Visitor: 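What follows is a single structure, and I will ask about it in a moment.
Keep in mind that this is a model prediction, so the values were computed, not measured.
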Amino acid sequence: NGQKRLIRGNHDVFRTSEYLEYFDEIYGCRVLDRMIFTHIPIHEDCMSRFTHNVHGHLHSNVMPDARYFNVSCEQVDYTPVSFDYIKATLRIS
């Protein structure tokens with residue numbers, strides 16, 4: 001249910017057309033509400049432009065910096081999370 005958007009990562013090796021059967025949009029990265037959504041966490045030197053980096057890739061590991069939010073499947077109980085959930089967790093209105 002809902003609108004699904006994919007931030008492609010290192011395991012997303014199929015043609016974009018195959019992913020579009022399941023996702024509404026496909027991105028390399030996406031910026032929304034001053035947050036950057038990426039697969040791999042961006043370097044901290046790039047964070048001055050953003051309030052948070054919502055990312056995956058690290059699986060069970062977490063960055064020791066509150067500006068990074070890991071939404072790897074191991075962190076979110078293998079369940080897609082909504083934009084509202086991310087904003088509420090990060091306390092962004």
Side-chain angles (χ1 to χ4, degrees):
N1 295 328
Q3 295 179 322
K4 297 173 189 80
R5 291 164 178 85
L6 173 66
I7 306 294
R8 289 185 82 144
N10 56 305
H11 295 289
D12 299 318
V13 297
F14 301 109
R15 300 179 76 163
T16 299
S17 60
E18 294 181 52
Y19 291 107
L20 286 170
E21 292 181 36
Y22 306 99
F23 295 93
D24 297 297
E25 297 181 53
I26 313 292
Y27 300 98
C29 71
R30 180 78 193 259
V31 176
L32 295 167
D33 293 349
R34 295 198 59 225
M35 294 180 283
I36 186 166
F37 292 74
T38 58
H39 175 69
I40 297 173
I42 64 173
H43 193 277
E44 63 184 274
D45 288 350
C46 301
M47 284 299 294
S48 62
R49 296 176 47 201
F50 311 105
T51 59
H52 295 89
N53 178 201
V54 180
H55 65 86
H57 189 73
L58 298 183
H59 303 281
S60 296
N61 299 314
V62 177
M63 298 281 289
D65 184 327
R67 299 175 298 172
Y68 293 87
F69 185 53
N70 185 352
V71 291
S72 293
C73 60
E74 295 88 350
Q75 297 292 323
V76 296
D77 197 28
Y78 295 85
T79 305
V81 296
S82 70
F83 187 56
D84 289 336
Y85 169 84
I86 291 168
K87 289 184 357 180
T89 302
L90 297 173
R91 296 189 175 116
I92 296 171
S93 53

Visitor: Quick check: do His55 and Asn70 have side-chain heavy atoms less than 4.5 Å from each other?
Guide: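 When only atoms from C-beta onward are counted, Asn70 and His55 do touch, with a gap below 4.5 Å.
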Visitor: If the condition is side chain to side chain contact (heavy atoms under 4.5 Å, CB included), which residues does Asp77 pass it with, not counting sequence neighbours?
Guide: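 Asp77 satisfies side chain to side chain contact (heavy atoms under 4.5 Å, CB included) with Thr79 only.
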Visitor: Enter the distance from Thr16:OG1 to Phe23:CZ here, rounded to the nearest 0.5 Å.
Guide: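 The OG1 atom of Thr16 sits 12.0 Å away from the CZ atom of Phe23.
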Visitor: Can you tell me how far CD1 of Ile92 sits from CZ of Phe69, rounded to the nearest 0.5 angstrom?
Guide: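 Phe69 atom CZ to Ile92 atom CD1 measures 9.5 Å (nearest 0.5 Å).
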Visitor: Using the salt bridge (charged side-chain N to carboxylate O under 4.0 Å, His left out) rule, collect all pairs that involve residues 51-61, keeping only residues at least two apart or in two chains.
Guide: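 Pairs touching residues 51-61 that pass the test: none.
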Visitor: Are Phe37 and Tyr85 connected, step by step, through hydrophobic side chains (Ile, Leu, Val, Met, Phe, Trp, Tyr) whose heavy atoms are closer than 4.5 Å?
Guide: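 Cluster IDs for Phe37 and Tyr85 match.
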Visitor: Any chance you could measure Asn53, atom CG, to Ile36, atom CD1, to the nearest 0.5 Å?
Guide: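 If we round to the nearest 0.5 Å, Asn53:CG and Ile36:CD1 are 6.5 Å apart.
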Visitor: Per the salt bridge (charged side-chain N to carboxylate O under 4.0 Å, His left out) rule, what does the pair list look like for residues 13-24, sequence neighbours excluded?
Guide: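 Qualifying pairs: none.
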Visitor: Scan the side chains in residues 41-52 for donor-acceptor partners under 3.5 Å anywhere in the protein, sequence neighbours excluded, and list what turns up.
Guide:
unit_1, atom_1, unit_2, atom_2, d
His43, ND1, Asp45, N, 3.0
Thr51, OG1, Arg34, O, 3.4

Visitor: Which residues pass the side-chain hydrogen bond (donor to acceptor under 3.5 Å, both in side chains) test with His57, sequence neighbours left out?
Guide: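 Result, side-chain hydrogen bond (donor to acceptor under 3.5 Å, both in side chains) vs His57: Asn10, His39.
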Visitor: Return the CG to CD1 distance between Asp33 and Ile86, rounded to the nearest 0.5 Å.
Guide: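 Atom-to-atom, Asp33:CG and Ile86:CD1 are 11.0 Å apart.
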Visitor: Sorted by first residue and then second, give each salt bridge (charged side-chain N to carboxylate O under 4.0 Å, His left out) pair with at least one member in residues 2-12; sequence neighbours left out.
Guide: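 Passing the test, one end in residues 2-12: Arg5-Glu25.
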Visitor: Would a single hydrophobic cluster contain both Tyr68 and Leu32, if residues Ile, Leu, Val, Met, Phe, Trp and Tyr are joined by side-chain heavy-atom contacts under 4.5 Å?
Guide: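 Unlinked, Leu32 and Tyr68 end up in two clusters.
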Visitor: May I ask you to list the residues sharing a hydrophobic cluster with Val62, side-chain cutoff 4.5 Å, ordered by chain and number?
Guide: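 Besides Val62, the cluster holds no residue at all.
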Visitor: By salt bridge (charged side-chain N to carboxylate O under 4.0 Å, His left out), which residues pair with Asp65, not counting sequence neighbours?
Guide: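 Applying salt bridge (charged side-chain N to carboxylate O under 4.0 Å, His left out) to Asp65 gives Arg67.
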Visitor: Compare every heavy atom of Tyr19 with every heavy atom of Val13, then report the nearest pair and how far apart it is.
Guide: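 Scanning both residues completely, I find the closest heavy atoms to be N-OH, 3.2 Å.
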Visitor: With rounding to the nearest 0.5 angstrom, report the SG to CD1 distance, Cys29 to Ile40.
Guide: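 The CD1 atom of Ile40 is 12.0 Å from SG of Cys29, to the nearest 0.5 Å.
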Visitor: Which hydrophobic side chains are connected to Tyr78, either touching it within the sub-4.5 Å cutoff or through other members that do?
Guide: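 Tyr78 clusters with nothing; isolated.
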Visitor: Does Tyr27 share a hydrophobic cluster with Val81, counting links as ILVMFWY side-chain heavy atoms below 4.5 Å and allowing steps through other members?
Guide: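 Per the 4.5 Å side-chain linkage, Tyr27 and Val81 are co-clustered.
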Visitor: Are Phe83 and Met35 close enough that some pair of their side-chain heavy atoms sits under 4.5 Å apart?
Guide: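 Phe83 vs Met35: side chains touch.
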